[in-house]
Amino acid sequence: MTSKVLVSACLLGQPVRYDARSNANTRLMEIQREGRVVPVCPEVAGGLAVPRPAAEIVGGDGNDVLDGNATVQTADGIDVTKAFIDGAHHALRLAQRHGVAAVVLKARSPSCGNHAIYDGSHSGVLTAGEGVTTALLRRHGILVLNEDELDQLP
């Protein structure tokens, strides 16, 4: 693999998660050292702070958010939908600008999840669905994987 890959910044060891921690992934950090990674944290790019309250999609998944039929909210009911949509568009622009072969995003995140996300109840329950950034990238024909699917990188 010689083409660029857009990667969640938290998977590269950057402390950008909602709790100011990272999810460092050794293999992705190796690819980064080879100069093939474009890092992104859609939530930070959308204007959210680190640390920040955890948020979940309420009323559907990322596709529903993009269609205006669901929102992204903190456990206290603060609507952060606009930041999630803005961050998704930032990630899309980066992917297009760099002509990435694929995107690797953090599993289960309301921005980045690609198979399952938390159900919006803020109780730790997962449901099938994808995050806002994943939904937007897939609408544009971009391959989105999570950190457990690195064997599928083109």
Side-chain angles (χ1 to χ4, degrees), residues 4-25 27-29 32 37-98 100 102-150 152-153:
K4 297 255 183 189
V5 179
L6 187 74
V7 177
S8 288
C10 64
L11 296 174
L12 300 169
Q14 295 182 27
V16 293
R17 283 176 28 130
Y18 73 94
D19 58 4
R21 295 176 53 202
S22 77
N23 294 303
N25 180 287
R27 177 66 186 122
L28 290 170
M29 293 171 77
Q32 183 179 34
V37 165
V38 178
V40 66
C41 175
E43 295 172 23
V44 172
L48 297 176
V50 177
R52 59 187 170 276
E56 295 184 8
I57 297 173
V58 176
D61 75 351
N63 284 295
D64 298 305
V65 172
L66 294 173
D67 293 340
N69 298 320
T71 59
V72 186
Q73 297 180 19
T74 67
D76 293 335
I78 297 169
D79 189 324
V80 291
T81 305
K82 182 181 181 325
F84 275 71
I85 293 172
D86 289 351
H89 283 282
H90 175 80
L92 175 62
R93 286 190 301 274
L94 278 177
Q96 291 172 329
R97 182 179 324 132
H98 291 278
V100 301
V103 178
V104 179
L105 300 176
K106 179 67 187 106
R108 297 176 298 281
S109 157
S111 287
C112 302
N114 68 331
H115 298 299
I117 56 172
Y118 293 99
D119 72 353
S121 66
H122 295 275
S123 61
V125 176
L126 288 171
T127 188
E130 56 193 18
V132 179
T133 298
T134 294
L136 183 64
L137 293 172
R138 285 185 170 160
R139 285 181 177 192
H140 288 269
I142 298 171
L143 174 64
V144 180
L145 306 169
N146 68 47
E147 67 274 21
D148 298 321
E149 300 172 320
L150 299 181
Q152 296 177 40
L153 279 172

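Only this structure's heavy atoms are used, side chains among them; waters, hydrogens and symmetry mates stay out. Position 1 is the first residue of the sequence, and the numbers go up from there.
Side-chain contact between Val104 and Leu150: present, with at least one pair of heavy atoms (C-beta onward) separated by less than 4.5 Å. When side chains are defined from C-beta on, Gln32 does not count as touching Val7, because their heavy atoms never get closer than 4.5 Å. At least one side-chain heavy atom of Thr127 sits under 4.5 Å from a side-chain heavy atom of Ile117. Contact of the Val132 side chain with the Ser111 side chain is not registered, since no non-hydrogen atoms from C-beta on lie closer than 4.5 Å.
By the side chain to side chain donor-acceptor pair (under 3.5 Å) test, Glu149 is found to be paired with Asn114, His115, residues two or more places apart in sequence or in another chain being considered. Remark: Glu147 engages Lys106 in a salt bridge (charged side-chain N to carboxylate O under 4.0 Å, His left out) (not counting sequence neighbours). Under the side chain to side chain contact (heavy atoms under 4.5 Å, CB included) criterion, Ala95 pairs with Leu6, Val100, Leu137, Ile142, not counting sequence neighbours.
Here the closest non-hydrogen pair linking Ala24 and Met29 is CB-SD, 3.8 Å. Between Pro39 and Leu12, the shortest heavy-atom distance links the atoms CB-CD1, 3.6 Å. Between Ile57 and Gly62, the closest heavy-atom pair is CD1-N, 3.6 Å. Across all non-hydrogen atoms, the minimal contact from Val58 to Gly120 is CG2-O, 3.7 Å. The nearest pair of heavy atoms linking Gly113 to Thr134 is O-OG1, 3.2 Å. Contact detail for Ala102 and Leu153: the closest heavy-atom pair is CB-CD2, 3.9 Å.
From Cys10, atom SG reaches atom CG of Asp19 across 9.5 Å, with rounding to the nearest 0.5 Å. Once rounded to the nearest 0.5 Å, the distance linking CZ of Arg17 with CG of Leu11 reads 10.0 Å. Atom CZ in Arg138 sits 12.0 Å away from atom CG in Leu136 (nearest 0.5 Å). Note that the CG atom of Leu126 and the OH atom of Tyr118 stand 5.0 Å from one another [nearest 0.5 Å]. With values rounded to the nearest 0.5 angstrom, Cys112 atom SG is found 12.5 Å from Leu145 atom CG.
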I'd like a table of donor-acceptor pairs (distance under 3.5 Å, sequence neighbours excluded) in which one partner is a side-chain atom from residues 64-79, with atom names and distances.
residue, atom, partner, partner atom, Å
Asp64, OD2, Asp61, N, 2.9
Asp67, OD1, Arg139, NH1, 3.2
Asp67, OD1, Arg139, NH2, 2.9
Asp67, OD2, Arg139, NH2, 3.2
Thr71, OG1, Gln73, NE2, 2.9
Thr74, OG1, Asp76, N, 3.3
Thr74, OG1, Ile78, N, 3.1
Asp79, OD1, Thr81, N, 2.8
Asp79, OD1, Thr81, OG1, 2.6

* Verdict with supporting geometry, Thr133 and Val40, side chain to side chain contact (heavy atoms under 4.5 Å, CB included) -> CA-CA 11 Å; Thr133 298; Val40 66; over 6 Å; no
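Judged as a salt bridge (Lys or Arg N to Asp or Glu O under 4.0 Å), the pairs with a partner in residues 37-54 (not counting sequence neighbours) are, in order, Glu43-Arg52. The salt bridge (Lys or Arg N to Asp or Glu O under 4.0 Å) analysis of residues 107-125, with sequence neighbours excluded, yields no pairs.
Each of His89, His90, Lys82 was evaluated against Asp86; a single residue qualifies, Lys82, per the side-chain hydrogen bond (donor to acceptor under 3.5 Å, both in side chains) test.
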